[in-house]
Amino acid sequence: MDTFNFSCVPNIVSAPGAAQSLASLIRQHFPQVRRVLVVTDPGFLATGLVDAPVAALENAGFAVSIYSDVRADPPEAVVIQAAEFARGCAAELVIGLGGGSSMDVAKLIAVLAGSRQELKTMYGIGNVTGDRLPLIQVPTTAGTGSEMTHISIITTGETTKMGVVAPQLFADIAVLDADLTLGLPPKATAATGIDAMVHAIEAYTNKNTKNPISDVLAYKSLSLLYTHIDAVCENGKDRSARQAMLLGSMLAGMAVASSPCAGVHALAYPVGGIFHVVHGISNALVLPEVLRFNVPAAAHQYAELAAIVAPAARGSDEAKAMSMIEELERLAARLHVETRLSQVGIKESDLDRMAEDAMLQTRLLKNNPREITQADARAIYAATL
Ligand SMILES: NC(=O)c1ccc[n+]([C@@H]2O[C@H](COP(=O)([O-])OP(=O)(O)OC[C@H]3O[C@@H](n4cnc5c(N)ncnc54)[C@H](O)[C@@H]3O)[C@@H](O)[C@H]2O)c1
Ligand SMILES: [Fe+2]
């Protein structure tokens, strides 16, 4: 607890409508920049919400190119193609404008565009050698918190994901603008909101690098997210609840940057990788049983978080922890999120392969409060079937 490192994105702008001020932010922080690359995906481009920030940049005299071929759970080939596109338009600054997928691609474009290092040598922790282009992240989901992390998650094979984790991937500026999230459909709002809650919970219980700063961030984050998630799922146009969700997911991202995710994410990856279940739902599915498995090692910390999620809980730490888990199960049901693996097409005969794949996520598993063996992982999946 008393020995830790903490780094974060140095500039955060949080205000509804803030994406309209990108030009003045760029002028203030990077006065030499003229050519800007906006990175997004076809789904967000189709909302029309890219148009106004881009028009504002062009009106301010910037040359703007748009790369909009990002795919969810971005494959390696997309990153390589996007970096070539950035070189082709001589981009001097990269703006990630989208969900975690677009922001993760934007990070890697920023390091690849100005460097000869190949992507395949960057996977793992601290393997990026060069510098990067200036980088601004504008999340449109609340969410991954990717705008605050130095992590980029890429789909490398058919079903496997790998992370590039390096200090260069911290953005220069994060812009939180609720207006960009008002049209996110309820199911995606619920899934991404639960993902952010999992970030807060896993940061708070990380076995190795949990620290006083990540604790404060994770606690406040969970409080904001839990307080506002019902409101944004019921009424997506609730601007102030949407801004609070962005703030909560940003704080969780800031927490996981120093106190990363653990067993829930490790067991969620095979669900997403093999069965193409979106990231937030994959996490929501395995969350209750991983937490139940962790109770013997994390009851005290879960009891502390129960003060937010299940404030009426009484009794021992274990009892409060169980109340928190039950409330999270009720929340998923209330938000119409799948709660059983069978609902996303997973069968008993898939569980061995999933447990085997989960064991590959050593980067995450090592942070879990209780060691998860392959047999444990299989049992957790079986209990969620
Ligand atoms: N780098 C990190 O720290 C980190 C952390 C967690 C997850 N991730 C990664 O992030 C990715 C998931 O990101 P995500 O959950 O934000 O989803 P996403 O970026 O994959 O987007 C999902 C869908 O939502 C649409 N969308 C996004 N914003 C919208 C809006 N405002 N209105 C309407 N539609 C909108 C997109 O078009 C897309 O179709 C995964 O690849 C995951 O591995 C990264
Ligand atoms: Fe996540």
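Counting starts at 1 for both ligands and their atoms, following the listed order.
Lys320 forms no cation-pi arrangement with Tyr302, by the criterion of a distance under 6.0 Å to the ring centre and an angle within 45° of the ring axis.
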Could you give the N/O to N/O pairs under 3.5 Å linking ligand 1 and the protein, each with its distance?
unit_1, atom_1, unit_2, atom_2, d
ligand 1, 1 (N), Asp104, OD1, 2.8
ligand 1, 1 (N), Asp104, OD2, 3.3
ligand 1, 1 (N), Ser146, OG, 3.4
ligand 1, 1 (N), Ile151, O, 2.7
ligand 1, 3 (O), Thr149, OG1, 2.7
ligand 1, 13 (O), Gly100, N, 3.2
ligand 1, 16 (O), Gly100, N, 2.8
ligand 1, 16 (O), Thr141, OG1, 2.7
ligand 1, 19 (O), Gly100, N, 3.2
ligand 1, 19 (O), Ser101, N, 3.0
ligand 1, 19 (O), Ser101, OG, 3.4
ligand 1, 20 (O), Ser101, OG, 2.6
ligand 1, 28 (N), Thr140, O, 3.4
ligand 1, 28 (N), Thr140, OG1, 2.7
ligand 1, 31 (N), Thr140, O, 3.0
ligand 1, 31 (N), Leu180, O, 2.8
ligand 1, 37 (O), Asp41, OD1, 2.4
ligand 1, 37 (O), Asp41, OD2, 3.3
ligand 1, 37 (O), Phe44, N, 3.1
ligand 1, 41 (O), Asp73, OD1, 3.2
ligand 1, 41 (O), Lys161, NZ, 3.4
ligand 1, 43 (O), Lys161, NZ, 2.8

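Among the heteroatoms counted here (N, O or S) of His265, NE2 is the one nearest to the Fe ion (ligand 2). Taking the Fe ion (ligand 2) as reference, the nearest N/O/S atom within Asp195 carries the name OD1.
The backbone N or O of Met103 lies less than 3.5 Å from a partner atom in the side chain of Gln137, making a donor-acceptor pair. Looking only at distances, a side-chain donor or acceptor of Ser342 sits under 3.5 Å from a matching main-chain atom of Leu385.
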Would you sort out whether Arg292 and Glu289 count as a salt bridge (charged side-chain N to carboxylate O under 4.0 Å, His left out), showing the intermediate values?
CA-CA 5 Å; Arg292 270 194 193 97; Glu289 288 307 327; 2.9 Å; yes
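One of the N, O or S atoms belonging to His199 lies under 2.8 Å away from the Fe ion (ligand 2).
Annotation: side chain of Ile136 is not in contact with side chain of Leu97 (no heavy-atom distance under 4.5 Å). Looking at Tyr269 and His279, their side chains come closer than 4.5 Å, going by heavy atoms from C-beta outward.
Between Ser146 and Asp104, the side chains place a donor N or O and an acceptor N or O closer than 3.5 Å (distance only, hydrogens not considered).
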